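Take a look at the structure below.
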Amino acid sequence: FFPLSNCSYYFDLTDNGSVWCWGYNICILNILRLLFMKILDYYMDGQLGINGEDFHGEKHSDGDYSIVPCLLNKFLDLHPPVSSSTSTIPEAENESSLKITVVKAGGMMSLCIDNLGALWVWGHCPVENKEGGVSLISNFTPTPVWDFHGHIVVQVACGKEHVVALVTAGESYKGVDDLVCYTWGNNSHGQLGLGDKENRSRPEVVKTFDLESPWVIYEVTCGAFHTALLTHRKRSSDTLESTCWTFGLGDNGQLGHGTTQSKFLPEPVKELPQNVHLVSVDCGLFHTCVVSIDGYVWSWGMEKGLGLCPDDNNGGTHSGDALSPLLISCNPYQTKFPKPIQVACGAAHTVLVAQEGYKLWSWGRGRSGVLGNGKTTDSYTPTIVLWPPLIQDFEQEKSHSSGEHDKKESERVTETNDKLSSALNKVKLLQTKLSVMERYANVLHGFIFGEPFDEQVIPSSLQNSGEFDISWEWENILEAADNTKLSKLEMVYQNMLAAVKDKLMKRKIKEIVNECLSSSHAENEHI
């Protein structure tokens, strides 16, 4: 399964190279048409590569979206584009050898690379119109990019409506030194890196990284309207030193150049350390993140590089865009992540694979449980992903060992498994209670201090000893607060005091009224 970023639909590759997809298959324009102008024809984008008639089985799609994976039957009828490098392969072997090896999903289109190096595209695809300009046309059938006929596509990435590909200069792949960078599609913010804002219907070489360039690109990725890539020098020393380049939309600092200006040509992110080897880069909608082989992670862009949408309720230290790279620490006591492998960005959250693939960290927007840490709240610092579930691991181990151990060993495993299940149920119950307490703490802390609760604000005395002197800690909070924060606290408590006084006054008035009514009723009875 390949990680997909900033998209609302998904693709999966099976062992035999077939492609399955599910999710959203229509642009926002269709929603408006369905609501207000149902008599108009549907404007399908086709990024799933299906319509309502293209798959078999139960009805789980109406053409606009699919809630379950469905096989892209179109690929079953397709054949590899015949090129000089494949013309000598027998026809039967040539057809049967067509398998998908790489798949990517962008905002409005989908792409894949087959085992022969051909690039296929479907969805909202850029084409040249009759006026000589560029239009985006919906294409439901995977179509090869014929501009790369006779070459091998090694890597590809796509944003909302633009594509970046690394392609061999000749007919065979000789290593990264032989790759050329091509871009095409929407270029409204300079995200193609060609020095202008003109859209392109066909791939063009990014001259900054042509064959004469001293730089070698080894990874590319796209945000919604910006592009990032990693390079090293062609004739590098024994120690690989990487450079991260970005271009395109810079409104939220997602380029990392210290400004909010957009860039039409690739520029290096100069505030990253120079003597590091970067192993992975990825982009969210409006943020970018890189990780070094030593375990250091940097992020920049919207809302301190977290990718979160600005929110008046999220004030404090986590508000404001990061225009330059910020170092993301593994935890307050450890800066580096252990043995990182890859970083992947969603629209507004980030996931890091580290410890040689055995651990995952996530941070950013937590809505719908996307962080995988058992919570639905946003996380401003990395948290451990609860993976894999221990009970599943243990069941797999038990299944594997059932034929290799005797009955006594099997009974011991079963007993241990039962204990583990009971312990996990208790953990889940505690997690539920903890989630309720955290929500209460968030509401209370936000009401008092005007910003979301963060573990870093927990007093050191409570963290270290478990004891909490509220008078002493309150004095420390007041001492550390600036005038703005003190004024805000004063306003909060004035409002609270006013509300208490108002409530007491209403109760006294009610008591007086009740006494008067009771006295009047007693007098009437006496008369």
Side-chain angles (χ1 to χ4, degrees), residues 302-304 306 308-321 332 348 363-371 373-381 383 426-526:
M302 183 176 283
E303 290 297 286
K304 298 299 183 184
L306 298 169
L308 298 171
C309 295
D311 187 343
D312 291 338
N313 297 324
N314 290 341
T317 58
H318 301 290
S319 62
D321 298 335
W363 59 94
R365 185 174 64 187
R367 205 170 302 167
S368 303
V370 71
L371 298 182
N373 59 5
K375 308 173 187 177
T376 58
T377 55
D378 297 346
S379 177
Y380 302 114
T381 56
T383 60
K426 292 179 180 179
V427 170
K428 289 181 180 179
L429 180 60
L430 290 174
Q431 285 179 337
T432 302
K433 292 182 178 180
L434 179 62
S435 179
V436 173
M437 294 299 296
E438 285 186 337
R439 288 199 297 270
Y440 177 75
N442 271 322
V443 172
L444 188 61
H445 191 274
F447 179 75
I448 295 175
F449 298 105
E451 61 183 28
F453 177 74
D454 194 323
E455 292 180 3
Q456 294 181 354
V457 305
I458 297 177
S460 57
S461 63
L462 188 61
Q463 287 181 338
N464 299 332
S465 65
E467 299 178 356
F468 183 62
D469 186 340
I470 188 169
S471 300
W472 185 75
E473 292 294 352
W474 179 247
E475 183 64 29
N476 288 340
I477 292 174
L478 295 179
E479 186 67 29
D482 56 20
N483 292 338
T484 301
K485 197 164 187 176
L486 288 175
S487 299
K488 185 183 294 186
L489 287 173
E490 181 184 23
M491 184 178 299
V492 168
Y493 285 104
Q494 283 179 347
N495 292 336
M496 291 174 63
L497 183 59
V500 172
K501 289 182 177 179
D502 182 63
K503 179 60 68 175
L504 288 173
M505 180 63 69
K506 288 180 178 179
R507 288 185 178 180
K508 288 181 179 180
I509 293 173
K510 187 176 181 180
E511 290 174 358
I512 294 172
V513 170
N514 288 336
E515 288 179 2
C516 292
L517 291 175
S518 298
S519 176
S520 175
H521 181 69
E523 291 178 359
N524 290 336
E525 287 182 346
H526 181 71

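Here the structure is a predicted model, which is why all the values come from computation and not from measurement.
Of the possible donor and acceptor atoms, none in the side chain of E303 sits under 3.5 Å from a partner among the backbone N and O of D321.
Around the CG atom of D502, the shell of radius 6.0 Å holds more than 12 heavy atoms that belong to other residues, nucleotides or ligands.
To the nearest 0.5 Å, atom CD1 of residue I512 and atom NZ of residue K508 are 8.5 Å apart. Taken from CG in L504 to CD1 in I509, the straight-line distance is 11.0 Å, to the nearest 0.5 Å. In this structure, the separation between CG on D378 and CZ on R365 is 8.0 Å, given to the nearest 0.5 Å.
Tested against R507, the residues K510, K503, M505 include a single side chain to side chain contact (heavy atoms under 4.5 Å, CB included) partner, K503.
Side-chain contact check for T376 versus R367: every heavy-atom pair is 4.5 Å or farther apart.
Closest of all the heavy-atom pairs between L371 and T377 is CD1-O, 4.0 Å. For the residue pair L306 and Y380, the shortest heavy atom distance occurs at CD1-CD2, 3.3 Å.
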